[in-house]
Amino acid sequence: MPYRMYLDGLLMPITPAKVTMKITNQNETATLINGEQINQLKAPGLTGVSFELLLPQVSYPFAVGITLPPRVYLARFEQLKTSCTPFQWILSRCRPGLLLPDFYSNLTVSLEDYEIIDDAEEGFDLKVKMELKQYRDYGTRRVTVTTAADGTATATLSAPARPAASAPKKDQYTTQEGDSLWNIAKQLLGDGARYAELYRLNRELLSNPTALAAGLVLSLPVERG
């Protein structure tokens, strides 16, 4: 199958036939005193993603990877919804035996809504309609206001907290069941988008780069985040 979809690193058993990405903006139209209209250009809005998943009760020959019971996927969806934390949505595209690193969708998103459809015409399979929204990280700083005896107030902006020093990194990684190149790159290289580097470095080892077998010993780039 030329498409594979990951939600928080979990490979979906059947990639949706149709995925819609809505690219929005926040531009505003204003009318001047003379009646002329202008368009005020602003920063882009958040991208929305929608699709419909099929969760099979049996292993179909066209399914990708290992087909898990629907309850496993539904439990993950509920966890993503209630945890109030962003996660990674990846739609990879490939030709047989060839990953296309420059032709994929990779967004940090939140799970806005999902709808479970139990349709008798689908047999025992379940359908799930999902709405995702792009998440943009932001940071806050604490401001301390000090008032002097003469009433003069001074505001001090605290520096952002520095992340703890990471443990020493190894030069190799042994894959485990359910691993993906993106998750490995995110965990060990600090950026999931660097999965293409892993692929190029281990090209001879990865006969199927979108479905990693457990026990593969991957070499890691010298420069890591």
Approximate separation, where rounding is to 0.5 Å, of [X] [atom1] and [Y] [atom2]:
{"X": "L55", "Y": "L126", "atom1": "CG", "atom2": "CG", "answer": "6.0 Å"}
{"X": "I90", "Y": "N183", "atom1": "CD1", "atom2": "CG", "answer": "6.5 Å"}
{"X": "F51", "Y": "E131", "atom1": "CZ", "atom2": "CD", "answer": "9.0 Å"}
{"X": "L53", "Y": "D125", "atom1": "CG", "atom2": "CG", "answer": "12.5 Å"}
{"X": "D191", "Y": "K186", "atom1": "CG", "atom2": "NZ", "answer": "7.0 Å"}
{"X": "D118", "Y": "F124", "atom1": "CG", "atom2": "CZ", "answer": "10.0 Å"}

Same cluster or not: are [X] and [Y] linked, directly or through other Ile, Leu, Val, Met, Phe, Trp or Tyr residues, by side-chain heavy atoms under 4.5 angstrom apart?
{"X": "I116", "Y": "M12", "result": "yes"}
{"X": "L46", "Y": "V19", "result": "no"}
{"X": "I38", "Y": "L41", "result": "no"}

How close do [X] and [Y] get, counting heavy atoms only, and between which atoms?
{"X": "A43", "Y": "Q26", "result": "O-NE2, 3.2 Å"}
{"X": "L54", "Y": "K127", "result": "CD1-CG, 4.2 Å"}
{"X": "R194", "Y": "L189", "result": "NH1-O, 3.5 Å"}
{"X": "T67", "Y": "S59", "result": "CB-OG, 4.0 Å"}
{"X": "P56", "Y": "I14", "result": "CG-CD1, 4.0 Å"}
{"X": "Y135", "Y": "S110", "result": "CB-N, 4.5 Å"}

Do the side-chain N and O atoms of D179 and Y173 include a donor-acceptor pair separated by under 3.5 angstrom?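 Distance-only check passes for D179 and Y173.
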Exam field: side chain T47 to backbone I23, donor-acceptor pair closer than 3.5 Å: no
Can you check whether T108's main-chain N or O pairs, donor with acceptor, with R136's side chain at less than 3.5 Å? no
With heavy-atom distances below 4.5 Å as the criterion, would you say the side chains of L198 and P221 are in contact? yes
Pairwise side-chain contact, L111 with L132, heavy-atom cut-off 4.5 Å (strictly under):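 Side-chain contact under 4.5 Å: yes.
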Please walk me through it: do L7 and W89 pass side chain to side chain contact (heavy atoms under 4.5 Å, CB included)? CA-CA 5 Å; L7 289 176; W89 170 77; 3.4 Å; yes
Only pairs under 3.5 Å count here: list side-chain donor-acceptor contacts from residues 72-87, not counting sequence neighbours, and write none if there are none.
unit_1	atom_1	unit_2	atom_2	d
Y73	OH	L68	N	3.1
R76	NH1	D8	O	3.3
E78	OE1	Y114	OH	2.4
K81	NZ	E112	O	2.2
T82	OG1	E78	O	2.9
S83	OG	Q79	O	2.9
S83	OG	T85	OG1	2.9

Candidate list D171, T174, L181, L201, test side chain to side chain contact (heavy atoms under 4.5 Å, CB included), partner L218, passing option: L181
